[in-house]
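Hydrogens, waters and symmetry mates play no part in the numbers below; they use all other heavy atoms, side chains included. Chain A is the first sequence line, chain B the second, and so forth, proteins listed ahead of strands; every chain is numbered from 1.
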There are 2 protein chains.
Amino acid sequence: MNLQKKLNQAGLRHTHARQVVMSILEEATIPLSPQSIYQRSLEKNEDIGLVSVYRTLELLDEFSLIRRVHGREDCHGYVLASPGHHHHLVCRECEKAVEFTGGDDLSGLLNRIQQETGFEVEGHLLQLFGLCPECQKGKENHA
Amino acid sequence: MNLQKKLNQAGLRHTHARQVVMSILEEATIPLSPQSIYQRSLEKNEDIGLVSVYRTLELLDEFSLIRRVHGREDCHGYVLASPGHHHHLVCRECEKAVEFTGGDDLSGLLNRIQQETGFEVEGHLLQLFGLCPECQKGKENHA
DNA sequence: TCCTTATTGAAAAATATTATCAATAAGGAA
DNA sequence: TTCCTTATTGATAATATTTTTCAATAAGGA
Ligand SMILES: [Mn+2]
Ligand SMILES: [Mn+2]
Ligand SMILES: [Zn+2]
Ligand SMILES: [Zn+2]
């Protein structure tokens, strides 16, 4: 379900600022911070306030239209998320983030940990880091 | 290997500020932000500067003596980390964080993703969320 | 005890996030 | 289309967080 629909459904308005933030996220291949989204809006000559970026991100997060992706050192940025359960794989070189589905690969692990710790496991955060195909090629050229 | 040793080995000094930050992390059961570490140092009447907290955390991180743990909404905090590869399980109620070892439960998943995406996977971030044994009991009482 | 210098922490600067509130525009009704 | 109502915006100010600077301090070897 797209933004327009979610907004109507929630009785909220389909505004310019919200469209701009959404479109920037749609065009992006790497996780973006509020600041960098704001920067890109300026470059696109789409004047929106930084405050609206924060507010829209909060909204999109509630709608599960975006997800936080954590960097290795830095903190997190936001990327568009397709519906359903999945995780992200991030390139350490170009920062590109792609989705992957977890399948039930974790169920074994989860059960084991639940037994061992007595915790009732409710959710998980999984991210992979590595080198994307393009950046692997880049490396070869330097050899 | 403990802090004292790591410091000597690196030709750095075993100072008061560093000891205080380390001891606060050793006493903690939940991930702590720089600010909260600073607060606790005040409560312990161990006057250290906030700047030293930041600097020490950076150092401890380089030494792999601590690790960042990400919250569900909030950002991350730091917890003591035992040597070797492992992950954290965090209680959604009391925020307590406990370690668990990943084993090779992920190797299947990692291989599959590597095949599917062409990425060369180098590392991962895995965290579990749930309810700790104590907080499960607390819930029952309310039933 | 003395010296050298890595380290500290107060203060300022730079960033990042949140709160306020009058002006605006989204979008339903007429 | 035009008119209303009000959710939303964004400039500004207020907070909070992180980094930089630099003279004073203390760690620890000689
Ligand atoms: Mn984070
Ligand atoms: Mn999963
Ligand atoms: Zn790449
Ligand atoms: Zn708990």
Item to complete: Verify, without hydrogens or angle tests, whether B:Ser36 (side chain) and B:Ser33 (backbone) share a donor-acceptor contact under 3.5 angstrom.
Response: yes
Worksheet item: For A:His14 and A:Gln4, does a side-chain donor sit closer than 3.5 Å to a side-chain acceptor?
Response: yes
Fill in: Watson-Crick or G-U wobble mate for D:dT15, both contacts under 3.5 Å
C:dA16
Practice prompt. Report yes or no: do B:His85 and B:His124 form a side-chain donor-acceptor pair below 3.5 Å?
Written response: yes
Response to the item:
Of B:Leu7 and B:Val51, the one whose closest nucleotide on DNA chain C sits nearer the 5' end is B:Leu7
Worksheet item: Separation of B:Asp47 atom CG from C:dG9 atom C1', in whole Å?
Response: 10 Å
Fill in: Integer-rounded Å distance: D:dT9 C1' and A:Ile48 CD1
10 Å
Worksheet item: What is the pairing partner of D:dA24, taking Watson-Crick or G-U wobble pairs with both distances under 3.5 Å in any strand?
Response: C:dT7
Fill in: Rounded distance (Å) that lies between atom P of C:dT4 and atom CG of B:Leu12
21 Å
Worksheet entry | Row check, B:Phe129 ring normal vs B:Arg72 NZ/CZ: under 6.0 Å, within 45° | yes
Worksheet item: Within this structure, what is the NE2-to-C1' distance between A:His16 and D:dG10, rounded to whole angstrom?
Response: 13 Å
Response to the item:
B:Gln35 CD to D:dT17 P, in whole Å, measures 5 Å
Response to the item:
When B:Leu50 and B:Gln4 are each assigned the nearest nucleotide of DNA chain D, the 5'-most assignment goes to B:Leu50
Worksheet entry | Any strand: nucleotide that pairs with D:dA30 via Watson-Crick or wobble, under 3.5 Å | C:dT1
Worksheet item: Can you check whether B:Thr15 has a side-chain N or O nearer than 4.0 Å to OP1 or OP2 of D:dA27?
Response: no
Worksheet item: OP1 or OP2 of D:dT8 less than 4.0 angstrom from a side-chain nitrogen or oxygen of A:Arg18, does that happen here?
Response: yes
Fill in: Sidechain N-carboxylate O distance under 4.0 Å for B:Glu120, A:Arg92
no
Worksheet item: Under the 3.5 Å rule, do the base of C:dG9 and the side chain of B:Arg55 count as making a donor-acceptor pair?
Response: yes
Item to complete: In whole angstrom, give the distance that lies between atom CZ of A:Arg13 and atom C1' of C:dT24.
Response: 10 Å
Item to complete: In whole angstrom, give the distance that lies between atom OH of A:Tyr54 and atom P of C:dT15.
Response: 13 Å
Fill in: Length of the line joining B:Gln19:CD and C:dT7:P, which is rounded to integer Å
14 Å
